[in-house]
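All chains are named by letter (A, B, ...) in the order of the sequence lines, taking the proteins before the strands, and each is independently numbered beginning at 1.
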There are 2 protein chains.
Amino acid sequence: MKTISRKTIDRALLYIRALENLLKEKRDKISSSELADITGSSDVQIRKDISFFGKVGVPRVGYETKRLKDILENFILQDNIVHIALFGVGNLGKAILKYPGFQTDKIKLVAAFDKAKSKLSKEINGIKIYPVERSAELIKKVHAEIGIIAVPPGSSQEVADIMVKSGLKGIINFAPNCISVPKSIYVKNIDFSIEILSIFSHTQL
Amino acid sequence: MKTISRKTIDRALLYIRALENLLKEKRDKISSSELADITGSSDVQIRKDISFFGKVGVPRVGYETKRLKDILENFILQDNIVHIALFGVGNLGKAILKYPGFQTDKIKLVAAFDKAKSKLSKEINGIKIYPVERSAELIKKVHAEIGIIAVPPGSSQEVADIMVKSGLKGIINFAPNCISVPKSIYVKNIDFSIEILSIFSHTQL
DNA sequence: AATCAATCGTGAAATTCGTAACGATTTATA
DNA sequence: TATAAATCGTTACGAATTTCACGATTGATT
């Protein structure tokens, strides 16, 4: 039995997004090379990735847009809805609360927490802000799976510990430092400064 | 002559960040395995990465924190200051304008642009917001190298074209679609929804 | 001074990943 | 119906990356 690689999954998510856009434009067929142009990949890479899911395309025609999207989504997301809990309602946290992509049929931001009393019991974009003390209780109630850390660096480890205790299985960490969690928890760090420096260094070489 | 890989550079940026934190704690020595714990890497990986820069560590002791940081920084950043231009002052754009990491001695956000007349001539965190029409002129004046796309998806390609014309060499794209630019321009896409779905799928497998 | 333990640096093996090459399949067309 | 052109799927190859294994070096200890 072949096993799918993380890179293939991440590219497949890109393909899904592109296929959704194509569907909006009523494109019902797409070739690997066109999809490659759109997603910045290569046609071979795309065929290779898709081949994991079986024989989906038809030679001389390409892939049926909707079918391909359904197959990828079914494998990767299995009509799950992803529920997010946000920690930290500063500038970035507010932007995340208002982010349209986090109130869709697949992804829902369902809870927000902050330490500052002044921010509590407010509501942003229909989401109430609760004290961090209630996070374990509320996260279990709303069945959140993924947590977002958008707190200042000094508090990120503390928040991460709370997240783990609350039963979250994956974390996006926007704080500019690494956090330590059990191996079973998946963490993705997004550090804006490092992204900038990385891009800059790439432009230098 | 050996050439450094992109992955090594990106990890080195993580090391630099960790070393800065260690310096703040007055830690003047660090071993590869400790650094691995902090950054979520492995000791061998770290030694291998650092070996590119020569023999920096001393056996039985480890690396001198400041020296290692200096060596990595000197190679990757060469005491450059990175200047950023922001396109789109919506919720995310505002959060970026207020992000402390973008007003440091190494990274400076120096210009912000928006289409909406209502946002112009305002000032956020000391940065004035200009109309996109003036971007080429102003970006050249302030010598910005990196651009951030924080506009709605419909405008991202348009903005990308303007960025290229303005002479920016690298782009972070927060819009949820791919943009097409000349190969000489480096683009890093950050799509919050895709990040969430990626994490979610990792927690499922 | 000799020995030991800790840590680095590195060549080689193993693994992962992307690319290329090419046969197989399908539609269009003469 | 035979041929041609386009596109897929897959095997084999090559490149990049990580991991392993181990020798070399240093500081601590007796």
Side-chain angles (χ1 to χ4, degrees), chain A residues 1-15 18-19 22 27-72 75 183 198 201-202 205, chain B residues 1-15 18-19 22 27-72 75 183 198 201-202 205:
Chain A
M1 190 53 192
K2 289 208 67 150
T3 152
I4 193 168
S5 86
R6 181 162 290 195
K7 296 209 172 187
T8 298
I9 291 180
D10 285 344
R11 280 191 300 266
L13 291 168
L14 277 181
Y15 305 157
L19 293 165
L22 288 165
R27 288 283 313 268
D28 60 340
K29 297 274 193 307
I30 185 80
S31 72
S32 58
S33 49
E34 278 180 292
L35 196 53
D37 285 344
I38 295 171
T39 59
S41 184
S42 78
D43 56 343
V44 193
Q45 181 75 76
I46 284 179
R47 290 202 298 278
K48 186 77 166 260
D49 285 337
I50 292 175
S51 76
F52 174 84
F53 304 96
K55 302 202 175 189
V56 180
V58 355
R60 180 66 201 251
V61 175
Y63 301 95
E64 197 192 325
T65 317
K66 175 144 184 18
R67 173 139 184 271
L68 179 54
K69 167 175 164 277
D70 287 346
I71 287 174
L72 298 179
F75 184 90
K183 271 196 299 292
S198 168
S201 74
H202 292 331
L205 308 179
Chain B
M1 189 55 193
K2 288 208 67 153
T3 153
I4 193 166
S5 84
R6 179 161 291 194
K7 295 208 170 184
T8 299
I9 291 180
D10 285 345
R11 279 191 300 264
L13 290 168
L14 275 180
Y15 305 157
L19 293 165
L22 287 165
R27 288 285 313 270
D28 61 340
K29 296 273 193 305
I30 185 81
S31 72
S32 57
S33 48
E34 277 181 293
L35 196 52
D37 285 344
I38 295 171
T39 58
S41 185
S42 79
D43 58 342
V44 194
Q45 180 76 76
I46 284 178
R47 289 202 300 277
K48 188 78 154 203
D49 284 337
I50 292 174
S51 76
F52 174 85
F53 304 96
K55 302 205 176 187
V56 180
V58 356
R60 181 68 200 248
V61 176
Y63 302 94
E64 198 193 323
T65 316
K66 175 143 184 17
R67 173 140 185 271
L68 178 55
K69 167 175 164 278
D70 287 346
I71 287 175
L72 297 179
F75 184 90
K183 272 195 298 291
S198 169
S201 73
H202 293 330
L205 307 179

Between Asp49(A) and Tyr63(B), who's closer to the 5' end of DNA chain C by nearest nucleotide?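 Nearer the 5' end of the strand: Tyr63(B).
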Of Val58(B) and Val61(A), whose closest DNA chain C nucleotide lies nearer the 5' terminus?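 Final value for this comparison: Val58(B).
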Compare all side-chain heavy atoms of Tyr15(A) with those of Leu68(A) and state whether any distance is below 4.5 angstrom.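 No, too far: nothing below the 4.5 Å cut-off.
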Under a 4.5 Å cut-off applied to non-hydrogen side-chain atoms, are Arg11(A) and Thr39(A) in contact?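 No, their side chains stay 4.5 Å or more apart.
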Determine whether Arg47(B) and Asp43(B) satisfy the following criterion, salt bridge (Lys or Arg N to Asp or Glu O under 4.0 Å), listing intermediate values before the conclusion. CA-CA 6 Å; Arg47(B) 289 202 300 277; Asp43(B) 58 342; 3.7 Å; yes
Can you tell me the distance, in whole Å, between the [atom1] atom of [X] and the [atom2] atom of [N]?
X        : N       : atom1 : atom2 : answer
Leu68(A) : dT7(D)  : CG    : C1'   : 14 Å
Phe52(B) : dG11(C) : CZ    : C1'   : 18 Å
Ile71(B) : dC8(C)  : CD1   : P     : 14 Å

[X] [atom1] to [Y] [atom2] distance, which is reported to the nearest 0.5 Å:
X        : Y        : atom1 : atom2 : value
Tyr63(A) : Ile50(A) : OH    : CD1   : 4.0 Å
Ile46(A) : Ser51(A) : CD1   : OG    : 12.0 Å
Leu19(A) : Ile30(A) : CG    : CD1   : 7.5 Å
Leu72(A) : Phe53(A) : CG    : CZ    : 5.0 Å
Ile9(B)  : Phe75(B) : CD1   : CZ    : 6.5 Å
Lys48(A) : Ser41(A) : NZ    : OG    : 12.0 Å

Checking only heavy atoms, does the side chain of Lys48(B) share a donor-acceptor pair with the base of dT19(D) at less than 3.5 Å?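 Side chain to base: pair present.
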Keeping the roles fixed (side chain from Arg67(B), backbone from Val56(B)), state whether a donor-acceptor pair exists under 3.5 Å.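 Yes; judged by distance alone, with no hydrogens or angles, the pair exists.
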Okay, side chain of Arg6(B), backbone of His202(A): is any donor-acceptor separation there less than 3.5 Å?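 Pair absent, no side-chain N/O of Arg6(B) close to backbone of His202(A).
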Below 4.0 angstrom, which residues in residues 2-13 of chain B have at least one non-hydrogen atom near DNA chain C?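 When residues 2-13 of chain B is checked for heavy atoms under 4.0 Å from DNA chain C, there are no hits whatsoever.
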Sorted by number, the residues of residues 27-47 of chain A with heavy-atom contact under 4.0 Å to DNA chain C: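 Contacting residues: Ser42(A), Val44(A), Gln45(A).
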Could you run down the sub-3.5 Å N/O contacts of the protein with nucleotides 3-5 of chain D?
{"unit_1": "dA5(D)", "atom_1": "N3", "unit_2": "Arg60(A)", "atom_2": "NH1", "d": "2.8"}

